[in-house]
There are 2 protein chains.
Amino acid sequence: MPSTAPTPRRVGRPRSAEADVAIMDATRAALVEVGWSKLTMGYVAARAGVAKTTLYRRWANKGELVVHAVAALFDELELPDRGSLRADIEGVVLSFATMLQRPETNASLMAVVAESTHDPVLREHVREAIVDRQKHLVFQGRERAQARGELPPDMGDSAEARRLVDLIFDVIAGAVVHRTLVSAEPVDTEWAQQFTTLLIHGLAAASSPGGPPGSPASPGGSTD
Amino acid sequence: MPSTAPTPRRVGRPRSAEADVAIMDATRAALVEVGWSKLTMGYVAARAGVAKTTLYRRWANKGELVVHAVAALFDELELPDRGSLRADIEGVVLSFATMLQRPETNASLMAVVAESTHDPVLREHVREAIVDRQKHLVFQGRERAQARGELPPDMGDSAEARRLVDLIFDVIAGAVVHRTLVSAEPVDTEWAQQFTTLLIHGLAAASSPGGPPGSPASPGGSTD
DNA sequence: CCCTTCCGATACGGCTCGTATCGTATAAGG
DNA sequence: CCTTATACGATACGAGCCGTATCGGAAGGG
């Protein structure tokens, strides 16, 4: 039976693609206007010129609706080759921060993450639409830097390489998100440069598989 | 007039301190049970054995109630002198992560931050109760490392020192928060060690006031 | 042309919010 | 002791939103 997945719906009236984009646009616009907490399904429906029923036919609740609307914004994240590791990092930091400072992303990203804490389905959507997509950029930038000779190549142990990519991802995305949304201070060129300096020199050390120069902590066995 | 602030209320029945702690405990317990989004004022009141009126007499809404309940958890964050910069960082990363992984902090921190995006009053409370408190730890750890000779001393420019402390704060807190709440992966000893290695070597470079070794990005003026 | 599915409109129960009210309880001051 | 001022518990209330159900009609596929 080769035709199970490729035909989810094959008969009947198809869903309106116009309604889809109208809903997405209305959701993002509503996020800008009233923010996450005051956003209601009824308001989005009215703004999109759609019945509330149509919303619930596509998304189970507010969380899923918003995560889809927001995830699309992450599509614009790219990593053009800027010629050096430093320029690549600085560029992605600035473009990521620019996206985060847009009002429709600002509140909703945190809200979606918070919501996903108690909702495994939502968490998976966040992972696919946001986390994995960003992580791929890190992987890509690292490969480029290795090709340029700016970072040491992988030493066979792919698990360790993955751990390092995960670490870099959390450091970059975490710092930018935290600066923007928690500290609530702007990511300007100066901050991006200082951060990039820190990261590049840290990377050089963390990437060397022969063990870092500094000895590990608690050498005396004081397992506090 | 020396007696303006010290006498906020001087006549009438004082507020019940027992009710205060009962409400805080009930709020944290409710956060564990049902999470932020499903937490209701009525439920907290019933759980605390208090009338709903009493809640609204102390906090204007759910956001303020929760931010006070959560902020108290940050009081336990300390920075004992572990003897070296590396041990200090690793220790604070692990203790911060441990706190974040507790269920009552997990969802609520993000939710409060998201809520504060559209609520300046709440934002100020978050800043006082959480951000500034953590930032002080960074300042403290940096001073110790300077006293030990592990980091170069301040070079007069206190503004630059403040910028650096802000950067370190966002990098540490951001990475731990992002790893825990967005990537949803545990902060174990191995991760903490790898992160600390990265940060220490990055710090050595970013702290040198004579300008970082690497030249700033986009020297050709390609302001993309 | 028929069948299936989607659409808009409307109504509904249930829940939560935040406020108001009222009688009672608990302090300080006279 | 008695007055005054505030906090408390209980209850009720309007308003808003959620998510579902129902309905007649519309729009494609076979």
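Chain letters run A, B, ... following the sequence lines, proteins first, then strands; residues in each count from 1. Reckoned from all heavy atoms, side chains included, excluding hydrogens, waters and symmetry mates.
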Any donor-acceptor N/O pair under 3.5 Å between C:dG8 base and A:Lys52 side chain: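 No pair found.
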Spacing between A:Tyr43 atom OH and D:dC18 atom P, to the nearest angstrom: 13 Å
Rounded interatomic separation in angstrom, taking CG from A:Leu65 and P from D:dC18: 11 Å
At under 4.0 Å, does any side-chain N or O of [X] touch on OP1 or OP2 of [N]?
X       : N      : result
B:Thr54 : D:dG9  : yes
B:Arg15 : D:dA7  : yes
B:Arg57 : C:dG18 : no
A:Arg13 : D:dG30 : no

Verdict with reasoning, B:Arg127 to A:Glu185, per salt bridge (charged side-chain N to carboxylate O under 4.0 Å, His left out): CA-CA 12 Å; B:Arg127 167 169 245 100; A:Glu185 282 169 54; 3.4 Å; yes
Donor + acceptor pair across side chains of A:Arg86, A:Thr197 (<3.5 Å):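 The criterion, which ignores hydrogens and geometry beyond distance, is satisfied for A:Thr197 and A:Arg86.
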Whichever of A:Lys38 and A:Thr53 has its nearest DNA chain D nucleotide further upstream toward 5':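 Looking at DNA chain D, the more 5' nearest nucleotide goes with A:Lys38.
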Geometric class of the A:Trp59/A:His68 ring pair [parallel <30°, tilted 30-60°, perpendicular >60°]: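 The arrangement is tilted - the two ring planes meet at 30° to 60°.
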Closest to side chain of B:Val50, choosing from D:dC18, D:dG9, C:dC7: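 So the nucleotide nearest the side chain must be D:dG9.
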Intermediate values then yes/no, side-chain contact (heavy atoms from CB on, under 4.5 Å), B:Arg142 and B:Asp154: CA-CA 10 Å; B:Arg142 181 163 174 273; B:Asp154 290 352; 2.8 Å; yes
